Amino acid sequence: MSYFNQTLDLTGRWLALSTIIFIAAFFGVRPVLAEEPMAVEQKAEEPAFTRVTSSYKVPDVAMLRQDGKKVSFLKELDDGRPVILTFVFVSCSAICPMLTHIMSKVQTKLDKDNQKAHLMSVSIDPESDTPAKLLEYAKKHGAGPDWDFYTGTREASLALQKAFNTYRGDKMNHTSVILMRSKPGQPWLRVEGFLSPDAVIEEYGTLSRK
Amino acid sequence: MFATEENRPIALLDSRAAKNVTRAHTPYTNESLAKAIREGVNVSGKPMSPLMPHYALSDDEIKAVTAYLQQLSAEVSPGVGKDTLRFATIVTPGVDSKKSEVMVNMMRTAFTQRNASQESYSGRMRSPLDLIPKTLRNWELTVWELQDAPKTWGKQLTEKYQSEPVFAVVSGISNTTWAPVHSFCEQEKLPCLFPSVALPPAETGYYQLYYSRGVALEAEVLAKSLRNQDKTAPRRLVQIYKDDEVSRGAAKALTDALQGSEIKLENRVLGEKAATDLKAALKDISSKDAVMLWLRPNDLTAVNKAAPKQVPAVAYLSGFLAAEDYSFVSKAWKPNVRVIYPYELGIKRQKNEITMKDWLKTWRLPLVDEAFQSEVFFNVMFLTELSSQMLDNLFRDHMIERAEDMLSLGSNVSAYPYLSLSRGQRFASKGAFIARFAADGKLIADSEWLVP
């Protein structure tokens, strides 16, 4: 996505093209950069995302959950459950709908397999995303009891984005990152790029078996 | 440096070259558009640039894309001439002429500077505005001065707009209502970028962007602060305001925001004789009560004369209405005064505004009202950035979309701590501080940045 954004900057962000990218991102379609059929096949063999294992030092900031309760983010994170973490915002029309769509698919899959994990989505537009707005967003995307949304001060959200290396200078430069961890103390698996729900579920599976 | 395709660079360094992509071609039909999106084949049957991704969209998804594209502007918006791009700014009756004059002078100066910078390639930078990439059209500014009662403004605006169409309204000032301007601009699909108004209409439009919700935001910030104080909050809060649209709006917003709280809110409306009425309004205020003074400097000066010997527990002031004039605050009142302050404070504020202050000095323009002038200055800077991104795509809906994306990206030269928009967001700054006077008389934060 960042590659396209860069190109769009240089070409004056041609409206139709950006619209198409937005729609494609919205429907979670994986775009293929290719001219000839050969190139399509070559590209398709490469994974469209990167995966790395990392440790992050997370600051203990106070955040507001979608139910309006003020909570310690670190306590929420370290409650013992496996965690799947994304950074999104309610009015985002680029990469967040895709991330949230993936979270919703992952939630369905985990429920079906009777597995427990804590799905956590942190707002990167916290001044606009009040707990009430997050609750509405959660309902809209069918979030169940194990999927929470967090907002707080701009500083607190920035601190978390920086801690997980997802801060890209502005919410409009936001990239597609999903972080997951099997339990407190374990390193994080970070997947980044054009993700599909199935790929994320598969990655999560490798994590849980460890 | 870049990958090439048939000797053409795939990535373009020169943003002007983007014009190449808007050249005329046979119009797309639903079918040819679907083919372009899915297969990367253009309307003449030729493969498109490799930069155009292929998307395996279903028929329904193609329909959604097409429906979105069809509601976008197909023709260049009004106000765009062959060599000119016309903007308006709006002055409503009853505003301080010093403020309206400095607003117009700042805008004219910035426009002149921007137009001159297009012609000059001397390489000498005269201001930060010079650094911004040039677009071809000359900017023109027209000032729409409204007269008489607000109910006649719509008709006046229609006449002015018909005789001289503009692409967008930039800044503007009102002490009273802004609703007729808002309705007119929304009806004409005319972007109206960040006017300086104390109370924008509650109902948002698509084309109307504001710095904040004004005094309504302040009311909600105060309510939040009082709720945070919980048991230490004053039991009775008396709000004193004049019978005008802005003040009534502020008082109503506070009433709504305190619904269901334990604080007893009383309303006292001042009539024509503000000084006499103020005395009556403050008469029974004790040191256990809080007062909220939704008043401007003219009326605040009467507070000292009317002030009871007993100082209220807290006297809240509106940062927007007080306009940085706290000269009425007596020694006795000072420790108890709190300002609901929608702007940045201290060193960060100075940092934000240093560019504007230097610019004003360079162009020998007076500093009349810092926060207000920083709104105007931010606006012209932002307009320059917007236009450098829009190039020749002079469509108003495109302008709003770009504004939503770009507002938080540039340097913040305004008095606000942080300005940001997004899809559907129409108010750029979303909170305020509660501030008090430090020993040196300067305002300092007495709360964190409160976002209701």
Side-chain angles (χ1 to χ4, degrees), chain A residues 1 3-37 39-40 43 62 64 89-94 96 124-130 132 151-156 158 169-174 194, chain B residues 5 10-22 33 36-37 40 47-58 61-62 64-65 68-69 72 388-393 395 397-398 401-402 404-409 417-418 420-425 427 429-431 448-449 451-452:
Chain A
M1 200 67 188
Y3 173 70
F4 289 121
N5 276 342
Q6 228 168 15
T7 313
L8 287 172
D9 259 326
L10 293 166
T11 57
R13 303 203 179 182
W14 186 31
L15 185 64
L17 183 54
S18 63
T19 305
I20 291 159
I21 289 175
F22 146 60
I23 297 285
F26 186 83
F27 291 106
V29 176
R30 186 187 301 184
V32 187
L33 224 194
E35 171 82 344
E36 303 140 38
V40 176
K43 285 276 172 189
L64 285 166
F89 62 105
V90 168
S91 63
C92 164
S93 57
C96 322
I124 62 167
D125 188 15
E127 291 201 347
S128 179
D129 293 347
T130 56
T151 185
T153 62
R154 211 162 68 79
E155 288 75 20
L158 283 177
D170 188 82
K171 67 180 188 299
M172 296 302 177
N173 299 335
H174 175 209
F194 286 109
Chain B
E5 177 221 2
I10 292 173
L12 304 167
L13 257 185
D14 178 6
S15 56
R16 288 222 149 268
K19 281 185 180 167
N20 296 338
V21 302
T22 58
L33 178 68
I37 293 171
M48 298 172 110
S49 156
L51 282 182
M52 174 71 193
H54 303 177
Y55 295 102
L57 297 188
S58 72
E61 287 160 355
I62 287 284
V65 176
Y68 173 79
L69 293 173
L72 297 174
S388 74
Q389 283 268 323
M390 288 172 64
L391 297 170
D392 266 3
N393 301 307
F395 307 104
D397 42 5
H398 181 48
E401 280 199 353
R402 298 307 304 128
E404 288 175 336
D405 284 358
M406 286 173 59
L407 192 70
S408 47
L409 292 170
Y418 178 65
S420 157
L421 291 175
S422 179
R423 299 284 167 264
Q425 290 182 19
F427 302 102
S429 180
K430 297 168 176 83
E448 57 174 359
W449 179 252
V451 180

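If you're wondering where the values come from, they're calculated on a predicted model, not measured in any experiment.
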| field | Contact class of A:Ser128 relative to chain B, heavy atoms under 4.5 angstrom | value | both

| message | Taking side chain as everything from C-beta outward and backbone as N, CA, C, O, which of these in B:Glu404 sits under 4.5 Å from a heavy atom of chain A? Side chain, backbone, both or neither. | response | backbone

| Nearest non-hydrogen partners of B:His398 and B:Asn393, listed with the distance | CD2-O, 3.4 Å

| request: Could you look at B:Leu407 and say if it's the side chain, the backbone, both or neither that has a heavy atom under 4.5 Å from chain A? | output: neither

| message | For B:Trp449 and A:Glu127, which I'm curious about, is there any donor-acceptor pair between the side chains at under 3.5 Å? | response | yes

| message | Less than 3.5 Å apart, any donor N or O on the side chain of B:Gln425 or A:Asp125 sitting next to an acceptor on the other? | response | yes

| task | Determine whether the side chains of A:Asp129 and A:Thr151 contain a donor N or O and an acceptor N or O closer than 3.5 Å. | result | no

| remark: One option among B:Ser420, B:Gly431, B:Ser58, B:Ser429 has the most heavy-atom pairs under 4.5 Å with chain A, and it is B:Ser420

